[in-house]
Amino acid sequence: MSRELEKIYSPADTEEKTYQFWLDGGYFHAEPDSKKTPYTIVMPPPNITGQLHMGHALDNTLQDVLIRFRRMQGYSALWLPGTDHASIATEAKIVEAMKKEGLTKEDLGREKFLERAWAWKETYGNRITAQLRKMGSSCDWDRERFTMDEGCSAAVREVFCRLYEKGLIYRGERIINWCPHCLTSISDAEVEYEEKPGHFWHIRYPFADGSGYLVLATTRPETLLGDTAVAVHPDDERYQHLIGKELVLPCVGRKIPVIADTYVEKDFGTGAVKITPAHDPNDFEVGLRHDLPIINVMTDDAHINENGGEYCGMTAAEARVAIVERLDREGFLEKIEEHTHNVGTCYRCHTVVEPRVSMQWFVKMEPLAKPAIEAVRTGKTKFVPERFDKIFYNWMENIKDWCISRQLWWGHRIPAWYCEDCGELIVSRTDPDTCPKCGSKKLRQDPDTLDTWFSSALWPFSTLGWPEKTPELEYFYPTNTLVTGYDIIFFWVARMIFSGVEQMGETPFDTVYIHGIVRDAQGRKMSKSLGNGIDPLGVIAEYGADALRFTLATGNSPGNDMRFSEEKVRASRNFANKLWNAARFVLMNMGDKEIVGLPATFTAEDKWILSKYNTLVKEVTDNLEKFELGLAVAKLYDFIWDILCDWYIELAKIRLNAGGETADAALQVLVYVFRGTVTLLHPFMPFITEEIWQALPHEGDTIMTSPWPVWSEEFHFPGEEGDFEKLLEAIRGIRNRRSEMNVPNSRKARVLIETKFAKTFEEGAPFLCRLAYASEVQVADKVEADGAVTVITESARIFMPMDDLIDKAKELERLNRELAACKKDQAMLSGKLSNENFVSRAPAAVVETERQRLAGVEEKIKGLEQSIAALQ
RNA sequence: GGAGGCAUAGCUCAGUUGGUUAGAGCGCUCGCUUCACAUGCGAGAGGUCGUAGGUUCGAGUCCUACUGUCUCUACCA
């Protein structure tokens, strides 16, 4: 890069080529290195159906900040990227696309369908990773993985077999959530509840002996076709005498018993519940307890099946109308109430799910959950912020068995075969060709695939080569930090933890850094249906990736949602531009000169900035180590803008303008601090910092691998820093007064200073001239200056003779106002310090600061009183 | 039903284990074409930190209750 920089920073010109420069240099690649400590992050794999959205942008910004920070600290830092096959989401998209061609899955057949799916993966799978590159993500692309690649598939198969062999995977007929649109079972976690208005039908079920009827209420009257009992609470006095009697099911004519079960709530509805074991999870449980028959009345696509008699072939909705109509006609309908209730819907297509009994594969959760809970409880894995461990416990402690089979084609096929001759079930790591029991060759593989989260659960170790014992697995596992949103703690994080503990004997990561979701400027969730999504790529194109990253990292505290607005991006862009212009300034002053090292002696302002910088280094490092990214970036912002640019550069201009060795010394300090600051900022704004770093004198090939700055005793100047602040306080005071009195900057004034800190102010004279518009500066123990404009600080009385501007009455009033405020402070402070409890119990350092503060205030009061006396 | 978050300037949000005078961005007011930057510079106004108690020498920060608000979870037919 040339030393001539454009006035306005233009990210579009540089980001692409900088990223390529990093790729070419292989700086993203991490290898097991015994001389270094590993630091590993596995990327939450985005879906191959996905496009980069703000959630990804946030997630990846945080990961990249952490990985770049650790890499610069000297760790062997691996950020392992990849994508997820997302079985149900991808299959749904492909089916949808086929529909436009008038095709169904069945038309194509499994094999052809999978060909299409892989073609889809080829086309769209790389789209999202290309978009991640635009963010500046420094992942090790050499190690990119896919949940259905050979290695990950082998891991899936191994885990399935292991769990099956341990009896932790079983096949059984259970009630599951069925999506009639996706035509598959889905797990409990995949059901989303939506409040919907509905009705509460009160229906009369007549007794078989003709002795009247029992009224019960239901929201799904069509399921009466599958009723096999009516339940009442055993203690319900209204119904106790009816227990054991028989009812005749309206519309159907089948006889069903009245049973007693404590599951029934006496006070809800009529206190009598129809029991449909095949189509309601609770009824299913009741059915098991009472050994009731299970009558499935629905087909896969939510039509009534042959068990529904005359209603066979109708959709559930049609059957509902027909049945209600008939109940009414035949006098079985008592009343209809309005009733809103929560209806379970499929998280992918939002079709109302039908609970139904079917044969599925399950993971037995309790034995897996326990050690996982233990791992978090003993701190082997920590959540940041901590409160999310409660959410984790809450879920893990109430976990139900996990339905893992899906009636889908895109995914890992379940490694189970059935012998068509003897019915033997074979679960195997390799495809079997003969039945081990009867020797038959007629084997049929289970048609189902696994829940997409089954493979994601293995991601932290399957991607490192497991079940092979690779050097990578040995070195990088367990990983360090998992960065993800709180919305997938159940789906993913919890499952990774128990899988890691079970398969590897170690939790997959020591820290789970949880962030919130990115909302729009009004605080609404960004969604397709609202159309309020902001495309990160559009933001990058307009403002640059650095501005986007900076925006997402700023003011974002762990676990909390954030609002995204273009104003914030503009502020970030302006900051980048500020930094850019500071760089231009430095380079302009350097010209062709070689600036290396630091001067032999430091001036007061040098010590001041070096001391401030030293503190910044420490604090930013601490913040990053504690995952306080928002705080770290805020400190960098404040330092660069308010300390470095607004003050130090302005202070340095005097020496820079002087030229020669004086200017070189100032440049040395300026370059040192500026380069260090840019280095600290690099994890947040990688592109612009690389650009600037390359233009500054530097060692090494890239800022990416330049050493992270460390706190240094050499720059520890607390006393000098404090002294210099006295001068800055005076400059601010003078500017303030001049501004209040509307004195134009062009009108210079003599500045007379009465102070005990003569050296500081004498040496500061040039700064007072340049930054406080002094024509000359005189420093003395005692100054007589009647009628001058007066500025009183805690360390000085400052006079500017500008008689024509003085209104004595006004000046008096102002000084008295200031005096009153100081006296109030004084009273508060001396009260505090004369409080025996405070002095004895508060830490000495706190008491000391308060003492100093009081001394300062009293000094100021003295000054004010003198000036007031002089005016009177 | 269960759990949790949030409530701080006009708006959006920071505020790290309790410790000076509670900060920033945007917006607002006043003044600046100062030789890095008007995507800028200087100065300023604006807050009883949701309400009521409590713990403490000291509370925006910890505890309790309440109010408002958002989310997760359960799924009463």
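Within every chain, numbering begins at 1; the chains are lettered A, B, ... in the order of the sequence lines, protein sequences first and strands thereafter.
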Between A:Tyr513 and A:Phe627, ring centroids under 6.0 Å: yes

Pairing pattern in dot-bracket form [Watson-Crick, G-U; both distances under 3.5 Å; | = partner strand] for RNA chain B: (((((((..((((.....[...)))).(((((.......))))).....(((((..]....))))))))))))....

A:Asn736 side chain near B:G44 phosphate (N/O to OP1/OP2, under 4.0 Å): yes

Closest to side chain of A:Ala571, choosing from B:C75, B:G40, B:G25: B:G25

Sugar-phosphate, base or nothing in reach of A:Ile391, heavy atoms under 4.0 Å: nothing

Nearest to side-chain heavy atoms of A:Asn574, which nucleotide of B:A77, B:G40, B:C75: B:G40

Annotated protein contacts, base or backbone, on nucleotides 29-37 of chain B with a non-hydrogen cut-off under 4.0 Å, one of B, S, - each: -----B-BB

Exam field: side chain A:Ser565 to backbone A:Ala521, donor-acceptor pair closer than 3.5 Å: no

Ion pair check, A:Glu337 and A:Lys335, cut-off under 4.0 Å: yes

Nucleotide of B:C75, B:C72, B:C26 approaching A:Tyr193 most closely (side-chain heavy atoms): B:C75

A:Arg814 side chain reached by A:Arg737 side chain, heavy atoms, under 4.5 Å: yes

Separation of the P atoms in B:C62 and B:A7, to the nearest angstrom: 11 Å

4.5 Å side-chain heavy-atom contact, A:Val286 and A:Ile259: yes

P spacing across the pair B:U61 / B:U56, given as an integer number of angstrom: 16 Å

Any pair counted as side chain to side chain donor-acceptor pair (under 3.5 Å), so long as it reaches residues 259-268 of chain A, sequence neighbours left out: A:Asp261-A:Arg289, A:Asp261-A:His290

A:Arg735 side chain, from C-beta outward: closest of B:C75, B:G4, B:A43: B:A43

Qualifying residues under ring pair (Phe, Tyr, Trp, His ring centres under 6.0 Å), relative to A:Trp201, sequence neighbours excluded: A:His199

Residue pairs fulfilling side chain to side chain donor-acceptor pair (under 3.5 Å) with at least one residue in residues 217-228 of chain A, sequence neighbours excluded: A:Tyr205-A:Asp227, A:Arg220-A:Glu354, A:Glu222-A:Arg320, A:Thr223-A:Lys274, A:Asp227-A:Lys274, A:Asp227-A:Thr276

A:Arg563 side chain near B:U12 phosphate (N/O to OP1/OP2, under 4.0 Å): yes

Sugar-phosphate only, base, or nothing, as touched by A:His339 at under 4.0 Å among non-hydrogen atoms: sugar-phosphate

Donor-acceptor pair under 3.5 Å, A:Arg573 side chain vs B:U39 base: yes

Test of ring centre spacing under 6.0 Å for A:Phe674 and A:Tyr648: no

Sugar-phosphate, base or nothing in reach of A:Lys266, heavy atoms under 4.0 Å: nothing

Nucleic acid footprint by protein, nucleotides 19-24 of chain B - heavy-atom cut-off 4.0 Å, B for base, S for sugar-phosphate alone: BBB---

Distance, P atom - from B:A59 to B:U21, rounded to whole angstrom: 11 Å

Touch class at under 4.0 angstrom, heavy-atom based, for A:Asp283 against every strand present: nothing

Heavy-atom check, side chain of A:Val518 versus side chain of A:Asp561, under 4.5 Å: no

Touch class at under 4.0 angstrom, heavy-atom based, for A:Phe490 against every strand present: sugar-phosphate

A:His202 ring center near A:Phe200 ring center (under 6.0 Å): yes

